[in-house]
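Remarks on the structure that follows.
All values below were derived from every heavy atom in this structure, side-chain atoms included, with hydrogens, water molecules and symmetry-related copies excluded. Residues: numbered from 1 along the sequence shown.
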Amino acid sequence: QVQLVESGGGLVQPGGSLRLSCAASGTILSLYVITWYRQAPGKRRELVARINSGGSTFYAESVEGRFTISRDNAKNTVSLQLNSLKPEDTAVYYCHTVTDRNYWGQGTQVTVSS
C-alpha cells in the first residue's frame, strides 16, 4: 500500500511563507505525477500545482508566481513552497498520486490571517 503524509502547515500572516512536504512510503514518487490540491470550508476542491515524472510543472492561475512545486528524490518527497500568502490561500492542502489507484494524504492546514 502507498501512504502519503503531508506536513508543514500552520498559521502565517499575509505576505508570509510556508513550505509543505508530501512524504511517501510504499512507492517511489519520482516515477509518478504528484498533485497538490486544496479545499477551504464550503468550497470545492481545487488543483493547486502538479509535477510529472519528467519534472514538468503546472500551476493554477491563482498561485502562479507565488507557489513552487519540487521533488527531493533522495528523500522521496514532494514539496510545495508557498510565498506571498494571501488570506484566500487558507485551506487544507492535500497531496495526491495515482499508481495502481488513487492515493491521498491526510491533509495539512494552512491558515493565512493577521
Side-chain angles (χ1 to χ4, degrees):
Q1 280 277 88
V2 175
Q3 182 172 257
L4 303 176
V5 179
E6 302 98 332
S7 62
L11 175 64
V12 65
Q13 294 182 348
S17 297
L18 288 171
R19 188 173 181 87
L20 310 182
S21 179
C22 176
S25 62
T27 194
I28 301 173
L29 285 185
S30 63
L31 300 177
Y32 301 99
V33 175
I34 306 298
T35 307
W36 284 94
Y37 293 87
R38 67 186 181 187
Q39 188 166 29
K43 297 184 178 179
R44 295 176 176 83
R45 185 178 62 201
E46 175 188 21
L47 189 152
V48 177
R50 176 169 283 167
I51 186 167
N52 70 15
S53 60
S56 296
T57 58
F58 173 84
Y59 298 94
E61 289 187 5
S62 59
V63 307
E64 186 85 47
R66 299 189 297 119
F67 293 6
T68 303
I69 188 169
S70 63
R71 296 180 184 270
D72 186 337
N73 292 337
K75 296 180 179 179
N76 204 30
T77 61
V78 172
S79 295
L80 185 67
Q81 179 69 41
L82 293 71
N83 295 329
S84 302
L85 283 162
K86 305 174 181 179
E88 52 263 44
D89 295 319
T90 296
V92 178
Y93 285 70
Y94 300 89
C95 66
H96 168 271
T97 194
V98 182
T99 57
D100 56 322
R101 64 177 182 88
N102 288 283
Y103 291 96
W104 293 88
Q106 84 290 345
T108 187
Q109 176 72 48
V110 172
T111 303
V112 184
S113 177
S114 59

From [atom1] ([X]) to [atom2] ([Y]), nearest 0.5 Å:
X    : Y   : atom1 : atom2 : answer
T27  : Q1  : OG1   : CD    : 11.5 Å
S30  : D72 : OG    : CG    : 11.0 Å
I51  : S79 : CD1   : OG    : 10.0 Å
Q109 : R38 : CD    : CZ    : 12.0 Å

Taking distance alone, no hydrogens or angles, what donor-acceptor pairs closer than 3.5 Å link side-chain atoms of residues 59-67 to residues at least two apart or in another chain?
residue, atom, partner, partner atom, Å
Y59, OH, I69, N, 2.9
S62, OG, E46, OE2, 3.4
R66, NH1, S84, O, 3.0
R66, NH1, D89, OD2, 2.8
R66, NH2, S62, O, 2.8
R66, NH2, D89, OD1, 3.1

For L47, does the CG atom sit with more than 12 other heavy atoms under 6.0 Å from it, leaving out its own atoms? yes

In the structure I gave you, are the side-chain heavy atoms of T108 and V92 within less than 4.5 Å of one another anywhere? no

Between V110 and T90, is a side chain to side chain contact (heavy atoms under 4.5 Å, CB included) present by the stated rule, with each step listed? CA-CA 5 Å; V110 172; T90 296; 5.8 Å; no

Is it the case that the side chain of T97 and the backbone of I34 share a donor-acceptor pair, with hydrogens and angles ignored and the cut-off at 3.5 Å?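 No, the answer is negative, given that no donor and acceptor are paired below the 3.5 Å cut-off.
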
Does R71 use its side chain to pair, donor to acceptor, with the backbone of N76 at less than 3.5 Å?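 No; judged by distance alone, with no hydrogens or angles, the pair does not exist.
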
Pair F58, T35 - check side chain to side chain contact (heavy atoms under 4.5 Å, CB included), show working. CA-CA 9 Å; F58 173 84; T35 307; over 6 Å; no

Taking ring-ring contact (aromatic ring centres under 6.0 Å, His included) as the cut-off, I'd like each qualifying pair that reaches into residues 75-104, sequence neighbours left out, listed once. Y37-H96, Y37-W104, H96-W104

Extract all donor-acceptor atom pairs below 3.5 Å that involve side chains of residues 5-16 and protein atoms in other chains or at least two apart in sequence.
residue, atom, partner, partner atom, Å
E6, OE1, Q106, N, 2.8
E6, OE1, G107, N, 2.8
E6, OE2, C95, N, 2.7
E6, OE2, G107, N, 3.4

Here the pair of heavy atoms bringing L29 nearest to A24 is CG-CB, 3.3 Å

For a quick test of reading the model, state the closest non-hydrogen atom pair linking L80 to A49 and the distance between them. CD1-CB, 3.9 Å

Can you list the residues that meet the side chain to side chain donor-acceptor pair (under 3.5 Å) rule with T57, with sequence neighbours excluded? none

Just jot down the side chain to side chain donor-acceptor pair (under 3.5 Å) partners of N83, sequence neighbours excluded, or say none.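 Scan of N83 (side chain to side chain donor-acceptor pair (under 3.5 Å), adjacent residues dropped) gives S17, Q81.
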
Determine, step by step, whether V98 and V33 satisfy the side chain to side chain contact (heavy atoms under 4.5 Å, CB included) criterion, reporting the C-alpha distance in whole Å, the side-chain angles of both residues, the deciding distance to 0.1 Å, and the verdict. CA-CA 7 Å; V98 182; V33 175; over 6 Å; no

Tell me every residue that passes side-chain contact (heavy atoms from CB on, under 4.5 Å) with S53, counting only those two or more places apart in sequence or in another chain. none

Do you reckon Y32 sits in the same ILVMFWY cluster as I28, going by side-chain contacts under 4.5 Å, direct or chained?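 Yes: a chain of side-chain contacts under 4.5 Å links Y32 to I28.
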
